[in-house]
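A quick write-up on the structure given underneath.
All values below come from the heavy atoms of this structure, side chains included, with hydrogens, waters and symmetry mates left out.
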Amino acid sequence: MPLWNPWHGCHKLSAGCRHCYVYRIDEKHGRDSSVVTKTRNFGFPVRRTRTGTYKIPAGSTVFTCFSSDFFVEEADPWRPEAWEMIRERSDLHFFMITKRIDRLEANLPPDWEAGYPHVTICCTVENQERADYRLPIYRDAPIRHKIIICEPLLGPIDLSPWPGPWFEQLVAGGESGLEARTCSFEWVLDLRRQCVERGVSFRFRQTGARLLKDGTLYRIRRQFQHSQARKSGLDYK
């Protein structure tokens, strides 16, 4: 699936950012991840082949801004043009994740209304403190497709203050990397229970590097973190 990073870099915002994978990758190449820059790939969604057709075929899901945050402040001057490309490519589905849901409504295009039907905007909540702040904003935001991302999951999260199936899916996962913080399997199970009770899809995406289960701390190598999560059989709907 196509990956579109219109800009690169981001400043850390909350606990989930501490061991950001983009910072880890950039550090290996001597790059400062806190500097936000427009990329050479900025116009990727509307680029065409020599025959005049779009390079990204219709029907594709475009993973958007995975090396930054679409709503990071430094990208404010470039975002209107990015929205124009997203509007032009209504034959694609754009999928993005943000920790800055509180900046959403001030940075939407004029014709957004209830949301573009071909855009999914996910909101990250890594612990209860972030859930308490971000989820009330996210629940009421004009977005057609909503997915809660609890990754890295850093503590138990109670969703009961925001009842109803107002989001389409919840994705949970532990933290990767050498300095990864421990994820408890009990936290994952409880989130799954809450999703099942709401009739909402649940996905356990990855175990993380350190998974606490039944009193035992498992250290899981990177190449097995996704497959071990799938083998758990926790995915719902």
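- E151 and R205 are joined by a salt bridge, as a carboxylate oxygen and a charged side-chain nitrogen come within less than 4.0 angstrom of each other.
- Not a single donor-acceptor pair under 3.5 Å links the side chain of W4 to the backbone N or O of C65.
- Summarising the geometry of D140 relative to K146, their closest heavy-atom pair is N-NZ, 4.2 Å, with the distance given to 0.1 Å.
- In the hydrophobic clustering, where aliphatic and aromatic side chains (Ile, Leu, Val, Met, Phe, Trp, Tyr) are joined below 4.5 Å either directly or transitively, L13 stands alone.
- Contact check for E129 versus D132: no side-chain heavy atoms found under the 4.5 Å cut-off.
- Under the 4.5 Å side-chain contact rule for hydrophobic residues, M96 and V46 share a cluster.
- Closest heavy-atom contact between F204 and A229: O-CB, 3.4 Å.
- Checking side-chain atoms of S227 against main-chain N and O of F224 turns up a donor-acceptor pair under 3.5 Å.
- Put simply, the side chain of Q128 gets close to the backbone of D158: a donor and an acceptor are under 3.5 Å apart.
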Name each donor-acceptor pair under 3.5 Å that joins a side chain in residues 213-221 to protein atoms two or more places apart or in another chain, with its distance.
none

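- When side chains are defined from C-beta on, K38 does not count as touching P6, because their heavy atoms never get closer than 4.5 Å.
- Applying the ring pair (Phe, Tyr, Trp, His ring centres under 6.0 Å) criterion to F66, with sequence neighbours excluded, gives F63.
- Comment: R18 does not engage E179 in a salt bridge, judged by the lack of any side-chain N to carboxylate O separation of less than 4.0 angstrom.
- When atom types are taken as modelled, the side chain of R144 and the backbone of G115 share a donor-acceptor pair closer than 3.5 angstrom.
- Going from atom CD of Q169 over to atom CG of D235 covers 8.0 Å, rounded to the nearest 0.5 Å.
- In this structure, G9 and S68 approach most closely via the heavy-atom pair O-OG, 2.6 Å.
- Scanning all heavy atoms of the two residues, the minimum distance from F42 to A82 falls at CZ-N, 4.0 Å.
- Using a distance-only test at 3.5 Å, with no hydrogens or angles considered, a donor-acceptor pair links the side chain of N127 to the main chain of R130.
- Cation-pi geometry between K12 and Y23 is met: under 6.0 angstrom from the ring centre, within 45 degrees of the axis.
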Between side-chain atoms of residues 104-112 and protein atoms elsewhere (two or more places apart, or another chain), which donor-acceptor pairs fall under 3.5 Å?
{"unit_1": "N107", "atom_1": "OD1", "unit_2": "R79", "atom_2": "NH1", "d": "2.9"}
{"unit_1": "N107", "atom_1": "ND2", "unit_2": "R103", "atom_2": "O", "d": "2.7"}
{"unit_1": "D111", "atom_1": "OD1", "unit_2": "Y116", "atom_2": "OH", "d": "2.5"}
{"unit_1": "D111", "atom_1": "OD2", "unit_2": "R87", "atom_2": "NE", "d": "2.9"}
{"unit_1": "W112", "atom_1": "NE1", "unit_2": "P142", "atom_2": "O", "d": "2.5"}

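- Checking side-chain atoms of T39 against main-chain N and O of N5 turns up a donor-acceptor pair under 3.5 Å.
- Residue E27 qualifies as open at atom CD: its count of foreign heavy atoms under 6.0 Å is 12 or below.
- Under a hydrophobic clustering in which Ile, Leu, Val, Met, Phe, Trp and Tyr are joined whenever their side-chain heavy atoms come within less than 4.5 Å, directly or via other members, I97 and V200 fall into different clusters.
- There is a side-chain donor-acceptor pair under 3.5 Å between S176 and R24.
- Residue pairs satisfying the ring pair (Phe, Tyr, Trp, His ring centres under 6.0 Å) criterion with at least one member in residues 135-175, sequence neighbours excluded, are listed as follows: H93-H145, Y138-W166.
- Applying the side-chain hydrogen bond (donor to acceptor under 3.5 Å, both in side chains) definition to pairs two or more places apart or across chains, those involving residues 182-195 are D190-R193, D190-Q194, R193-E197.
- Shown here is R48, whose CZ atom has more than 12 heavy atoms of other residues, nucleotides or ligands within 6.0 Å.
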Begin with the C-alpha distance, continue with both residues' side-chain angles, and end with the deciding distance and a verdict on side chain to side chain contact (heavy atoms under 4.5 Å, CB included) for F95 and I147. CA-CA 10 Å; F95 183 96; I147 297 176; 3.8 Å; yes

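- A continuous path of hydrophobic side-chain contacts links V72 to I121 [ILVMFWY only; heavy atoms under 4.5 Å].
- At least one side-chain heavy atom of D26 sits less than 4.5 Å from a side-chain heavy atom of H8.
- Both cation-pi conditions hold for R89 and Y54: the charged atom is under 6.0 angstrom from the six-membered ring centre and inside a 45 degree cone around its axis.
- In the hydrophobic clustering of ILVMFWY residues, with side-chain heavy atoms under 4.5 Å counting as a link, V36 and L3 come out apart.
- Note on W7: it does not cluster hydrophobically with I25, by side-chain heavy-atom contacts below 4.5 Å among ILVMFWY residues.
- Here the closest non-hydrogen pair linking P2 and I56 is CG-CG2, 3.8 Å.
- Under the 4.5 Å side-chain criterion, counting only non-hydrogen atoms from C-beta, V171 is not in contact with F202.
- For the pair R134 (side chain) and K99 (backbone), a donor-acceptor distance under 3.5 Å is present.
- Summarising the geometry, atom OG1 belonging to T207 is positioned 12.5 Å from atom CG belonging to L212; distances are rounded to the nearest 0.5 Å.
- Side-chain contact between L191 and L159 is present, with heavy atoms from C-beta onward closer than 4.5 Å.
- E175 places a side-chain N or O within donor-acceptor distance of the main-chain N or O of R181, the cut-off being under 3.5 Å.
- The closest donor-acceptor contact from the side chain of H118 to the backbone of I86 lies under 3.5 Å.
- Contact annotation: the side chain of F70 never approaches that of R100 to less than 4.5 Å [non-hydrogen atoms, C-beta and beyond].
- Residues L92 and T61 form no side-chain contact, since every pair of their non-hydrogen atoms from C-beta on lies 4.5 Å or further apart.
- Across all non-hydrogen atoms, the minimal contact from D91 to A58 is OD2-CB, 3.3 Å.
- Here the SG atom belonging to C122 is positioned 10.0 Å from the CD1 atom belonging to I148, to the nearest 0.5 angstrom.
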I'd like to know whether S34 forms a side chain to side chain donor-acceptor pair (under 3.5 Å) with D32, so could you lay out the CA-CA distance, the side-chain angles of the two residues, the decisive distance to 0.1 Å, and finally the verdict. CA-CA 6 Å; S34 67; D32 185 354; 2.7 Å; yes

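- Using modelled atom types and a 3.5 Å distance limit, the side chains of R230 and Q206 yield no donor-acceptor pair.
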